[in-house]
Structure formats: structure tokens, C-alpha cells
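Below is one structure, written out as C-alpha cells, with a few remarks after it.
Chain letters run A, B, ... following the sequence lines, proteins first, then strands; residues in each count from 1.
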Amino acid sequence: MATSAPVFQWSDLAKKPTEVGHALDMSGEVTITRGAQTLRISQPDQDVATVMREMCALLSAVVATETPDRVSAILNAAWPWTRVLPIDDQMELAAEVGPLAETCESLGTWRPLLDTLSAWRGTARAWANGVGPVGPIEQSTGERVQRP
Amino acid sequence: MAKSRRDVNRPTKKSEHQIRHADRSSEVGWTDLCASQRNGCADLFDRLTAEPAHVDNPDKQHRLKGALSTTTLGGVEFDQWQYEMAKVARVWYAVDENTKTVYLTRVATGHPNETK
């Protein structure tokens, strides 16, 4: 008898990720739904690129319909390193990755998306180290940097 | 006649960028960073002189994003880049392609008391 994959809501990824993970371990596949959109995650040979594209598309979709707190909860569950970003930056990231993932799929290369995520992760590391915005600087000192 | 002992500065080629400090804090940071990561700073200097916007390793070198993505120098807004070095040190810079100048906007050594 065929068994159907357990179905979860998109928000369950943020609310009860352990339960989703357990279901994935037990059934080998789970279905995540949000309205008419679905995301299927299966083990062990899930196409990572497909997951990435669908997750990015959903992130962009929720930016348009959910409150910043809800978007932040979902984003933080997907990528824990985003927790150190200011909330406005989290919204910007969530809105950016969907169209970019579409572009990458169309191009046949995921490099632009991966590079963008690297840039966001590097930015998060700066925030995590207590480094904030610079300037504005009225006038550069103009001192040449000496090569050691 | 007294002998001069001043260092000879390496001239920049026409195709290269000159590198300048944006403010006094970057000068101090650069001096500190050179003291602890001399080779890394020399490599970074050469990289920024040659191709400041060319990325070999996006995990180490990238455009900053969000609120940190730009900085304003002398009333002009520039994209801001980050180069991450060893020991949590990081160098931020802005590139003025019109004057082929790279401005170091922040040099953070990663010392634990840096943000105090």
C-alpha cells in the first residue's frame, strides 16, 4: 500500500522544525504547503537545487503577505545565521532571493545565488562581531595606505 | 651628508588603483592589522591595487549587503566591500573607479575589546 507523505504548513518549519525533521526521517518525504504552493522535501536524494529554488520563491512570496515578524521567523528557521541581521535587512534578503533563484534556474547556474548568500552571510558575520555602519565621512584624510 | 632612511614607496602602474585611508580610524586599524597579519595585509594590498572588485573567493570577499552596503565619502555614495581575514579581522573598502582609488573605510582587527 502506498503511503502519502506527511503534510505540514510552511509556518511549521519555524514553529516545529523538530517534528518536521522527525517526519522526514520516518517517511522519507514531507510536503510543505502554503496556499496553492507546495514544497516537497525527500531523502536521501533530494535535488538540492530544487529545494533552494522553491524555498527562495516561498520566502519572496511571504514577504508580500506576512508581517516582518513572521517573515523573520521563517527566514531564521531556514538560515539561522540571518538572526543577527537587522529586521529590514532580513526583509531585503527574503525579497531578493526569489527572483534571483528564478534567474539562476533560467541561466542554468546557481553561482549568482550562492554568491549573494555568501555576501549576506559575510554581512551577518560583521553584525555578529559588533561592526556597524560607517560614516558618512565628510572628507577622506587622503593618506596613502602603506604596503607592509 | 646625512643619509636618508625613508622607505621607498612602490609606485602604482597606470592600470592599478591607489589605496587611501578614508579616515583616521582606518589608519589606526591598518597599523594594528599589519602588526598582527603582515603577510595577509601585503596580499590584500596587492589584491586591492590590482583588481578591487574581482572576487576569487566570495566567502572571504564580497559586497556588503543591506544597511552596510553603502557608505558616503565627501557627499558621494559608494558601494562598500568586505574582505575577511584571519582571526575575525575584516577590512571594508569603497572603490572610486573615476579616480581609480580604493578607500579603506574600516579596518577591524577582531580584537575582543574593539567594540567597547
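Closest heavy-atom contact between B:P58 and A:D115: CG-OD1, 3.3 Å. Between B:Q82 and A:A126, the closest heavy-atom pair is OE1-CB, 3.6 Å. The minimum heavy-atom distance between A:T123 and B:R63, with the atom names listed, is OG1-O, 4.5 Å. Residues A:W120 and B:G66 approach most closely at CH2-N, 3.7 Å, considering heavy atoms. For A:R121 against B:D59, the heavy-atom pair with the smallest separation is NH2-OD1, 4.1 Å. The shortest heavy-atom contact between A:G132 and B:L68 is C-CD2, 3.6 Å.
Salt bridge status for B:K65 with A:E92: absent, with no side-chain N to carboxylate O gap under 4.0 Å.
Linking ILVMFWY residues whenever their side-chain heavy atoms come closer than 4.5 Å, directly or via other members, places A:I87 and B:L64 in the same cluster. Connection of A:L114 to A:L93 is established within a shared hydrophobic cluster, with ILVMFWY side chains joined at heavy-atom distances below 4.5 Å, either directly or through further cluster members. Cluster membership check: B:V88 does not share its hydrophobic cluster with A:V134, using side-chain heavy-atom separations under 4.5 Å among Ile, Leu, Val, Met, Phe, Trp and Tyr.
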| request: Apply the test side chain to side chain contact (heavy atoms under 4.5 Å, CB included) to residues B:Y103 and A:I137: give CA-CA distance (whole Å), side-chain angles for both, the deciding distance (0.1 Å), then the verdict. | output: CA-CA 11 Å; B:Y103 291 100; A:I137 297 168; over 6 Å; no

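Residues of residues 56-69 of chain A never come within less than 4.5 angstrom of chain B, heavy atom to heavy atom. Inspection of non-hydrogen atoms places A:E138, A:Q139, A:S140, A:T141, A:G142, A:E143, A:R144, A:V145, A:Q146, A:R147, A:P148 of residues 138-148 of chain A under 4.5 Å from chain B.
With a threshold of 4.5 angstrom between heavy atoms, B:W92 approaches chain A through side-chain atoms but not through N, CA, C or O. Only the side chain of B:C34 comes within contact range of chain A, judged by heavy atoms closer than 4.5 Å. Proximity to chain B is absent for every atom of A:A124, based on heavy atoms less than 4.5 angstrom apart. Of the atoms belonging to B:L104, it is side-chain heavy atoms, and not backbone ones, that fall under 4.5 Å from chain A. With a 4.5 angstrom heavy-atom cutoff, A:P86 does not touch chain B via any of its atoms. Proximity to chain A (any heavy atom under 4.5 Å) is shown, for B:E77, by neither the backbone nor the side chain.
Ranking B:S26, B:A67, B:S25 against chain A, the residue ahead of the rest is B:A67, based on heavy-atom pairs under 4.5 Å. The residue among B:Q61, B:R20, B:H62 with the most heavy atom pairs within less than 4.5 Å of chain A is B:R20.
Here the CD atom belonging to B:E84 is positioned 10.0 Å from the OG atom belonging to A:S118, to the nearest 0.5 angstrom.
No side-chain donor-acceptor contact under 3.5 Å links B:R90 to the backbone of A:V131.
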